[in-house]
Amino acid sequence: MLVEFAGHHGDGWQRELAQAITDPGQLLEALALDPALLTPALAAAARFRLRVPRSFVARMCRGDARDPLLRQVLPLGEELAEVAGYSGDPLGEAAANLAPGLLHKYRGRALLVTTGACAVHCRYCFRREFPYDAQLSGDGRWSGALAAIGADTGIEEIILSGGDPLALSNARLAALSGSLAALPHLRRLRVHTRMPVVLPSRVDAGFVAWLRSLPWPTVVVVHANHAREIDATVAGAFARTRAAGVQILNQSVLLAGVNDDEEALVTLSTALFEAGALPYYLHLLDRVRGAAHFEVPEARARELVRAISARLPGYLVPKLVREEAGAAGKTVL
Ligand SMILES: *Cc1c(COP(=O)(O)O)cnc(C)c1O
Ligand code: SF4
C-alpha cells in the first residue's frame, strides 16, 4: 500500500501536495458529479486511498464521469471485484529484491524504491499493494541498497523509482545522488516520476539545480496516459527539465476507457512531442488486484499500435510492452 506523506509544510509544491484532494465526496463535488458515485468510491478508497492534486483536477471536464483523467484517479466499485489472475504482486517483485528497496531484475539496471509516496494515486498502479513500509523502515534506509549497488560492478544504471522519487525533497535527492556518485561503475541515472505531469510545480529551481549537478547523463521518464494531462504548466516543467540537459521520455499504460482508441494515442504522442518528451513505452496493464476493469485485450492493443504506426513517424510510436515475472527485460509485443 502506498504510504502517506508525513508533515506538510514549506511552500510551493509541498503546499500544493498537502492540499491534494483525498476525500471522494470533495472530488465529486468539485466536478459536479452524481452523488450516487460516493458510496462505491468510499468503499474502494478504503482499500487504496484517493489522492489527486487540485491542479490535475482542474484539467478534468466538469460533469463528465467518463473523463479520461478522472477515470485514472476516481475509486470505483469495480475495484472490489475479485478477478482470477489478478494478484497483489503481479510482477513477482518480492522475488527480485536484492536488498531492501532495491529491485534488480534486468542486466545493468537496478531500480531503487526511494519512497512509497506519490502525488497522485493511480487506480491501476501495479504497486498499490507493494509493501513499502517493510522496504523503507528505519534510518539509513538506503544503506543496504547502496552497499549492494557498490558490490555489483555490473550495474551501470540506477533507476530512481517509488512511489515517486520527486516526493523526496531536493536535499534528500542530493544526499542520495551524492552517495551514488561515490560508486565509479555507474554510468547513467534515470528518474521515473509522474510529478512533472500531475504536479508540475515540483520541477522547481532547486530540482533543476539538482539535475544540473548530476555527474551522469540523465533521463527523466514521465508518465502521462492522455493528451489532456499535458497543459502549458506541464510543458513548462518539461522545458525546465530539458534546459538542464536532460532527456525526457514518457511511459503510458494502455487503459480501457482512458486511452484505448487510435485518436487518443495519436493525440497523446503528438502532444508529448510538442511539449518536449518522446514516447517510450506503452504498457499492457499489470494484473494487479482491483484493476481488472482497465484491461485492454492484447489483440486490441496490437491493433491500436498498428493503427497509430500508420499515422505517426516511427519516433512517436511507443513500444508496446508487457512485464513478465522472471523475464530478462520488458517483453516487446
Ligand atoms: C522496467 C524496469 C526496469 C527498466 O527497464 P527498461 O526496459 O530499461 O526501461 C528496470 N528494472 C525493473 C525492476 C523494471 O521493472
Ligand atoms: S504515480 Fe506511479 S507509482 Fe504512484 S500511484 Fe501512479 S502509477 Fe503508481
Side-chain angles (χ1 to χ4, degrees), residues 1-5 17 20 22 45 48-53 56 69 71-73 75 89-99 101-130 132 135 145 149 154-168 187-199 202 219-225 229 247 249-255 258 278-286 288 290-291 294 318-332:
M1 192 60 95
L2 293 169
V3 298
E4 295 296 323
F5 291 96
L17 203 49
T22 55
F48 180 44
R49 198 173 180 196
L50 164 73
R51 169 177 288 282
V52 57
F56 194 73
L69 278 57
R71 193 166 159 83
Q72 296 177 52
V73 302
D89 181 20
L91 306 183
E93 290 197 325
N97 244 304
L98 197 62
L102 189 67
L103 293 170
H104 190 197
K105 283 178 22 180
Y106 304 152
R107 188 167 171 182
R109 293 147 288 169
L111 188 150
L112 195 53
V113 177
T114 57
T115 169
C118 288
V120 65
H121 286 180
C122 310
R123 307 315 297 177
Y124 53 84
C125 179
F126 69 96
R127 295 208 177 109
R128 46 184 284 168
E129 295 190 21
F130 195 75
Y132 286 108
Q135 296 279 317
I149 298 165
I155 298 175
E156 298 194 333
E157 174 171 347
I158 298 299
I159 302 171
L160 303 185
S161 182
D164 196 316
L166 271 59
L168 301 176
R187 304 180 60 176
R188 297 180 295 278
L189 185 76
R190 193 190 320 183
V191 183
H192 279 184
T193 172
R194 209 172 177 199
M195 289 256 192
V197 172
V198 298
L199 197 82
R202 174 63 188 88
V219 181
V220 168
V221 182
V222 298
H223 173 180
N225 300 310
E229 291 170 50
Q247 180 76 54
L249 304 176
N250 179 69
Q251 49 185 344
S252 307
V253 182
L254 186 59
L255 299 165
V258 173
L278 283 173
Y280 179 42
Y281 281 149
L282 177 62
H283 294 264
L284 287 184
L285 184 74
D286 296 312
V288 68
F294 284 115
K319 276 193 250 185
L320 180 66
V321 291
R322 187 213 325 270
E323 249 188 272
E324 278 162 0
K330 316 279 188 238
T331 307
V332 180

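Only this structure's heavy atoms are used, side chains among them; waters, hydrogens and symmetry mates stay out. In listed order, ligands and their atoms are each counted from 1.
What sits closest to atom 7 (O) of ligand 1 on the protein, heavy atoms only, is Y281 OH, 2.6 Å. Ranking the protein heavy atoms by distance from atom 12 (C) of ligand 1 puts L111 CD1, 3.6 Å first.
Remark: side-chain polar atoms of H121 are paired, donor with acceptor, to backbone N or O of R49 under 3.5 angstrom. T114 places a side-chain N or O within donor-acceptor distance of the main-chain N or O of S161, the cut-off being under 3.5 Å. Using a distance-only test at 3.5 Å, with no hydrogens or angles considered, a donor-acceptor pair links the side chain of R123 to the main chain of F48.
Using a non-hydrogen distance threshold of 4.0 Å, G162 does not register as a contact of ligand 2. Remark: distances from the non-hydrogen atoms of E157 to ligand 1 are all 4.0 Å or more. Under the 4.0 angstrom criterion for non-hydrogen atoms, V120 is in contact with ligand 2. Ligand 1 has R190 within reach: a non-hydrogen atom of the residue lies less than 4.0 Å from it.
In the vicinity of Y280, heavy-atom distances shorter than 4.0 Å reach the ligand 1 atoms 6 (P), 7 (O), 8 (O), 9 (O). Listed by atom number, the atoms of ligand 1 under 4.0 Å from E323 heavy atoms are 15 (O). Close approach to G163 involves these atoms of ligand 2, each under 4.0 Å from a residue heavy atom: 3 (S). The contact set between ligand 2 and R194, taken as ligand atoms under 4.0 Å from a residue heavy atom, comprises 1 (S). Short contacts between ligand 1 and K330, defined as distances under 4.0 Å to a heavy atom of the residue, involve ligand atoms 1 (C), 2 (C), 3 (C), 5 (O), 7 (O), 14 (C), 15 (O).
Remark: K105 engages E323 in a salt bridge, criterion side-chain N to carboxylate O under 4.0 Å. Under 4.0 Å is where a charged nitrogen must lie from a carboxylate oxygen, and between E229 and R194 at least one such pair does. Looking at E157 and R109, no side-chain N of the basic residue comes within less than 4.0 Å of a carboxylate O on the acidic one, giving no salt bridge.
Taking 2.8 Å as the criterion, C125 does not count as a coordinating residue of atom 4 (Fe) of ligand 2, since none of its N, O or S atoms falls below it.
In this structure, F126 CZ and D89 CG are separated by 10.0 Å, a value rounded to the nearest 0.5 Å.
Legend: residues meeting side-chain hydrogen bond (donor to acceptor under 3.5 Å, both in side chains) with H223, ordered by chain and number and at least two apart, are Y124, N225.
Of the residues H192, K330, K319, the one that meets the side chain to side chain contact (heavy atoms under 4.5 Å, CB included) test with Q251 is H192.
At a heavy-atom cutoff of 4.0 Å, ligand 1 is contacted by the side chain of I159 but not by its backbone.
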